[in-house]
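Remember, it's 1-based here, ligands and their atoms both numbered in the order they're listed. In this chain, residues are counted from 1 in sequence order.
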Amino acid sequence: MFKNFKRIERKWQKRWEKARIFEANPSKKPKFFITFPIPYLNGSMHIGAAFTALRCDSYARFKRMQGFNVLFPQGFHATGEPILGAIERLKKGDKIQAETFKLYGASERDLNNFKKYGAAYVAKFWAKKFIQDMKRAGFSIDWRRTFITALDEHFNRFIEWQYNLLRKKGYVKKGTHPVIYCPHCKSPTGDHDRLIGEGESPLEYIILKFPLETGEILPCATLRPETIYGVTNIWVNPSVDYVKAWVDDEVWILSKEAAFKLKEQLKKVLIVEEVSGYELVGKIAENPVLKNKVIVLPASFCDPKVATGIVMSVPAHAPWDYIALKELQASEEEIKKYGLEPERIKEIKPVSMIKTKEFGEIPAKEICEKLKIKTQAEKEKLDQATEILYKKEFHLGILKQNCGKYAGFKVSEVKEKLIKEFLKEKIADLIYEPSGKVVCRCGTENYVKILKKQWFLKYSDKRWKELAKKCLKQIKIYPEEARAQFEATIDWLKDKACARKAGLGTQLPWDKEWKVETLSDSTIYMAFYTIARIIKKEKIAASKLTNEVFDFIFLGKGNVKKIAKQVGLKPKVLEEMRKEFEYFYPVDLRNSAKELVPNHLTFYIFHHVAIWPRKYWPRAIGVNGFVNVYGAKMSKSKGNVIPLRNLVEKYGADVVRINIVASSEGLNDADWRDESIQAYASRINFLFELVKQLKKAKRKEIKAIDVYLQSKLQALIKEATQNYEELKFRSAAKNALFDSVRELKWYVERNNGMENCNRKVLKESLEVIAKLLAPLVPHACEELWEKLKKKGFIAKAKWPEFDREKFNKKVLELEEILRNSIEDIRHVIKLAGKKKNCYLYTSTKKEFEYLNEAKEFLRRILGFENIFVFRASDKKRYDPQNKASKAKYGKPGIYLE
Ligand SMILES: [Zn+2]
């Protein structure tokens, strides 16, 4: 069966290509511009990306049939670390990387070439495979407009223009900010340059300085500086070697890792000597705010890799501290091991300093007891308890009387102020950590570095944020529930490093040691699609694409004759590019997976409002979930990544397409299962079978059942169109395939076989169904279209519109009554047993006529010898038990004999 699908697909792909039906040039027709994000070239398309991309393709096909001049182009991403990182791993003999490449169709020889020829070779190799795979899957793309970022000189010129302009407008600035940093690449690591840790950002810890009696400072790092009012002791890890070091003009004792990080965060650090954690236990320090004395105690949970490796203990409000203190107090042996006085240790009591309605005096105790936590070894539970308590106390907590001048305030209100004051009084400092583990695609673990004079996009700019919000308001979001995340992202977005020193990318035109990073050169490239075909057609050299040329094309600035003369191009060519941009822009729909909402899709909005006036702002954004495989998340390490190519090879494109696209809608994740293909395949085959048998249909006159089928299809047209419009492909597939096939089967059944069907009605219905299905199952529908003897491509056929003339609500209702009557008769048969004759009595004329026409069908499916239909008011009716008196509207009386 699948072999046949594949044969049909080859045929139509060839014909589409020959007729160039997906190439879009400006015309008098209304346009529709749709885009799918450019994929990285470190492999080919897997079903995860295919889900998103096929949503775009199905929508493009739908809009094309609605009469729009649809532009659906596709470029590729080579910027940053993804490709270089993959080659690097390959060179190191990384098996997973080699397997991944092979999975997508690289041979052993290709792998050797990858190592030998490097990134540009690899990128071009995969771009070719991507295009092959997408063509085989039936994507309706205008391939004349493709490009590869970072490697295409023309594209680099475009990015240089973009960044010159952003800088001129004040959106790109030099600044000193903490960034997630890769020491191997010597560069900030953006989200898409990461192997692990997408979405993580620098997290600010507050260091509170507790001086020892000998003058050195114990820098205690915390996310909750307000809890300084509840400190009972300090924790160090007795098995860790700390260091004594000059930090600016003070002497601190801290972990070695912390000393390194602080140096990377612009402190002057000079290590003096090592100090063992064991030695620190028992020492006395002073609380810098309350000025009381606190003792240094041992705790195994103190991690030298996190912040300073020294922690202030707040057992009333921190579950970790509460458990560590309890454990120590319970072990006489442990206390003596460090030469501590048992009395002194045991008398340490939690100091309660935050009030919430939910908790009593010692919240940490309550939550540890609730979660049954006993020891520091129960890490997951302790982290969970910490998170719960932190959130509750931050949002709802009020500082108690023992909190000095902050007493009576909400924690959330006073936190920022308190940090500012502590910093001003120099009793506090800052250290940054990544909010979660981050590993660069080169394989190196990253940390936070404060980069001096780095180039940043000023996403914190209030005016810029306002514009982005204004734009978001007018963007249609599918589904609407995704809007809140866009709003939140615009609000919290901070300045973001936009350049790296390592990796592939366009050089910053004014500071050439920096290259624009991957999430920063992919924000307005949709505009480049509009002119890419002309650049190729006219063989324009990249050097001729000056800032003035782009200013003219994209902003309409300058005198075209003058600019053309300057660069040695014909004014006509520049005008053609300007026209093409003006015709196709803005983007009507951009669709992507939900993971791109907090970065790429929001940056897309920011950059458009920075560069263009309102009329070129994005019109709609579609967002979808991920693809699971048999319910499990897809990942390289699990080995369950499925290339689109393999599925298309196995089943053919059409059933794979519909099996992915119709798998879910809204923000729900899709789920790939091979076995669900069968349900689609059998229905598509049914349509072919019906077209084949069409010539058997002989009836010419129109019966009620024909009107019924026509009406039902009108309802399906209405519903399917609405679902397509909102990218609800699961529902659209239900309408176009499942509902329609069910109705066709019913129609044939009701006519007691093909011979009695009305050929014209059936043929017209099949035409409508083929059209409704074509965006999802394009090849098979072309074949059906041809077999129905229709001219031209179905891909360009006119989308069916709801026709009130063909919609008869009354007939739909009567058919419903008929179906209910069948159920009723079956019920009576069950009670009365099988009989020879069936007598039906109807209360209305229409019903009478409808049942009378369906008599033969009823007789056959219910297995009677005769069926008689009477009007209930008919005086001459045969009705020995007066069942006619039971007849009501929509419910005939039934008598069996
Ligand atoms: Zn790196």
Side-chain angles (χ1 to χ4, degrees), residues 39-43 77-98 100-101 114-115 117-123 126 148-151 176-203 257 260-266 305-306 432-457 495-508 511-522 595 599-600 603 635-637:
Y40 288 108
L41 291 171
N42 53 353
H77 215 357
T79 309
E81 284 299 315
I83 299 172
L84 293 173
I87 298 174
E88 201 62 34
R89 286 195 293 281
L90 201 62
K91 283 183 177 166
K92 281 183 189 157
D94 183 315
K95 285 223 174 71
I96 293 184
Q97 186 57 59
T100 304
F101 277 155
F114 289 179
K115 288 186 266 188
Y117 300 121
Y121 179 87
V122 173
W126 289 120
I148 302 177
T149 70
L151 296 176
T176 301
H177 292 272
V179 296
I180 304 279
Y181 184 80
C182 175
H184 177 260
C185 297
K186 297 193 170 50
S187 284
T189 310
D191 266 354
H192 286 187
D193 286 320
R194 299 174 190 177
L195 212 52
I196 300 173
E198 197 166 307
E200 305 294 355
S201 54
L203 181 64
E257 291 87 343
F260 171 77
K261 275 179 263 185
L262 284 174
K263 209 169 172 177
E264 293 288 279
Q265 293 172 13
L266 299 185
K305 290 200 184 96
V306 176
Y432 295 90
E433 287 286 2
S435 53
K437 187 173 174 168
V438 177
V439 178
C440 176
R441 284 199 191 247
C442 75
T444 312
E445 182 156 357
N446 290 182
Y447 54 83
V448 177
K449 185 178 172 82
I450 296 183
L451 274 184
K452 256 204 249 174
K453 296 183 186 167
Q454 149 80 316
W455 292 104
F456 284 85
L457 282 161
D495 292 354
K496 193 182 154 303
C498 64
R500 277 170 73 85
K501 288 191 173 168
L504 305 174
T506 308
Q507 291 171 332
L508 273 185
D511 191 353
K512 301 223 163 165
E513 61 179 310
W514 292 100
K515 292 167 189 165
V516 182
E517 63 90 44
T518 133
L519 278 164
S520 303
D521 78 345
S522 52
E595 60 178 340
N599 44 59
H600 167 71
F603 301 160
S635 77
K636 276 186 206 169
S637 56

### Query
Below 4.5 Å, heavy atoms only, C-beta onward: do Cys440 and Cys185 meet side chain to side chain?
yes
### Task
Name all residues meeting the side chain to side chain contact (heavy atoms under 4.5 Å, CB included) criterion together with Lys437; count only those two or more places apart in sequence or in a different chain, and write none if there are none.
Val439, Glu445
### Task
State plainly whether the residues Arg441 and Glu81 are in salt-bridge range, i.e. N to O under 4.0 Å.
no
#### Entry: the Zn ion (ligand 1) - number of protein N/O/S atoms closer than 2.8 Å
4
### Query
Do the charged groups of Lys496 and Glu517 touch, with an N to O distance under 4.0 Å?
yes
### Query
Between Lys261 and Glu433, does at least one N-O distance fall below 4.0 Å, as a salt bridge requires?
yes
### Message
Any side-chain to backbone donor/acceptor pair from Arg89 onto Gln97? Under 3.5 Å, distance only.
### Response
no
